[in-house]
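Reviewing the structure listed below.
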Amino acid sequence: MAATGSLSEADLLCPQCSDIYTFPVLLKCGHNICRVCLQAFWEWKGCRECPVCRTVAVPGRPPINLALKIAADTFQVRRTNRNEETCCLHNEKLKIFCQNDEELICLVCQTSKQHRVHECCPVEEAAEQKKKEITAMLEALRKKLRLLNKTKEQWEETKTHIQTQAYQSEKAIKEEFEKLHMFLFEEENMRLKVLKQEEEIKKQVMCEKLRTIQEQIETMSSTISDIETALTVRDLLFLKDYKQTKKRAKCTIQQPECIRDILINTAKHVRSLKYGVWKKMANIVKYVPITLDPNTAQSNLKLSEELTCVQYSNKQPLPDNPERCTGSVCVLGATGFKSGKHSWTVEVGQGKDWYIGVARESIKRKSTVFLNPAEGFWVIGLCNGDSFWAQTSPPTKLALKQKPGKITVKLDCDKGKVVFINAADSTTIHTFSEKFTERIFPYFSPGLCEDGKTSSPLTICPQTIKVDVQ
């Protein structure tokens with residue numbers, strides 16, 4: 001074979017595919033073929049022969065012609081570089097960059113009709129400018145990538161939190177049903193015990209009655225048997241014992257008594273059984289008109305298992321979902337209202353700083369806001385443990401004769417009123433008037449304690465349950 005540098009393009013063409021060699025292999029007959037072309041030809045032909053001269057190849061894999069491969073690869077690189085650096089129209093070097101068309105051109109292209117009025121600049125200047133542009137775009141992509149990675153982490157945390165929530169909810173459900181099962185089990189045993197006691201007492205009475213009547217039966221049977229025997233003896237002997245037989249024949253046993261109320265009082269035991277159990281269950285069941293929504297609670301807030309009590313505590317790892325309030329230490333009710341009248345009573349405890357009331361659904365939850373109607377809040381609160389304020393704009397100081405322990409919040413969506421009432425004496429503390437245009441949610445914000453770890457809780461008071469028949 002000629003030296004690599006003296007090979008022409010024709011020498012580098014595969015006789016099978018007529019393209020530049022790719023991994024050329026050398027056959028025993030001296031012909032070179034692309035390895036892929038040779039394998040395909042052999043599979044099609046069904047025998048191992050040269051595609052050029054039909055000489056049967058020796059067994060085994062033909063060796064790669066390394067020198068020819070290097071020559072072919074070098075030619076490909078040169079041709080590629082030549083094509084990349086040369087104008088395909090004028091065969092001139094590409095030294096100019098057209099800003100309008102964003103493409104490389106030669107000096108002849110620059111003076112042509114197509115690019116004559118375009119903004120052009122040297123390749124080096126254009127490359128520097130465009131690299132800065134792409135670098136800025138790259139930084140934007142990196143920023144988006146960081147955002148995607150951060151979002152992925154948040155979503156993974158959310159997935160884990162969902163599993164935790166499901167487990168905790170399942171546990172709470174099982175515990176509540178276990179309490180109900182235990183109540184029903186104990187109620188069932190108690191009722192069965194009462195039934196069993198009645199059964200035992202009445203069975204004992206009947207046993208006594210049966211024993212008495214059995215004795216009477218035996219006595220009567222013996223008497224009848226003796227009289228029947230007396231009637232069969234000889235007349236003289238019969239008349240001799242006549243007086244005694246006559247005396248025994250006179251029955252001194254009274255008629256059996258009529259036993260009343262001896263049967264099981266089935267009506268007492270099964271009458272309205274489910275209603276009776278349900279009514280009794282009202283003593284162990286609590287109902288609160290408002291339930292707190294843990295998905296809106298700021299991460300420092302701790303809620304009770306039944307979601308009726310909230311207090312400030314240690315920070316918890318919670319996902320930053322859109323509903324969660326992170327701009328202020330608060331939690332919303334789980335149910336919002338758009339119409340009708342609603343009320344609930346809150347035990348404010350001994351906290352020195354707290355706020356309760358209502359807030360509209362569209363409040364800013366991720367940034368610090370002012371608690372006033374303009375921001376969507378209608379609340380009152382205690383500051384520094386001594387002064388009560390209605391969060392109007394500006395705030396209104398409330399003159400209260402005594403510090404309330406429980407405050408009732410009354411919401412009238414249709415009339416647009418929020419009234420705060422001292423539950424102890426039913427006196428009105430403050431009234432907001434507003435035209436509500438969206439869903440309104442109960443609002444709770446417990447204050448910090450001096451140790452900074454826990455606070456006096458805000459508790460939604462349960463309502464009295466009555467089971468009546470109309």
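Predicted model, so just to flag it, every value in this text is computed and none were measured.
- With hydrogens and angles disregarded, no donor-acceptor distance shorter than 3.5 Å links the side chain of R35 to the backbone of P24.
- With hydrogens and angles ignored, the 3.5 Å screen pairs a side-chain donor or acceptor of S304 with a backbone N or O of C309.
- Counting only distance, with no hydrogens or angles, the side chain of H31 and the backbone of K28 share no donor-acceptor pair below 3.5 Å.
- Applying the side chain to side chain donor-acceptor pair (under 3.5 Å) test to pairs two or more places apart or on separate chains, those with a residue in residues 396-409 are T345-T408, T392-T396.
- A side-chain donor-acceptor contact under 3.5 Å links N372 to the backbone of A374.
- A donor-acceptor pair under 3.5 Å is absent between the side-chain atoms of W389 and the main chain of I380, judged by distance alone.
- Every residue two or more places apart in sequence or in another chain that forms a ring pair (Phe, Tyr, Trp, His ring centres under 6.0 Å) with F436 is listed here: W378.
- Classification of K280 and E187 as a salt-bridged pair holds, one side-chain N sitting under 4.0 Å from a carboxylate O.
- A 4.5 Å side-chain heavy-atom check between S393 and F370 finds every atom pair outside the cut-off.
- Between F420 and H430, the ring centre distance reaches or exceeds 6.0 Å.
- A distance of 6.0 Å or more separates the ring centres of Y443 and Y355.
- L292 and T308 make their closest contact through CD1-C, 4.1 Å (heavy atoms, listed as atom of the first residue, atom of the second, distance).
- Both tests do not hold together for K417 against F432: distance to the six-membered ring centre under 6.0 Å, angle to the ring axis within 45°.
- Looking only at side-chain heavy atoms (C-beta outward), V123 and I96 stay at 4.5 Å or farther from each other.
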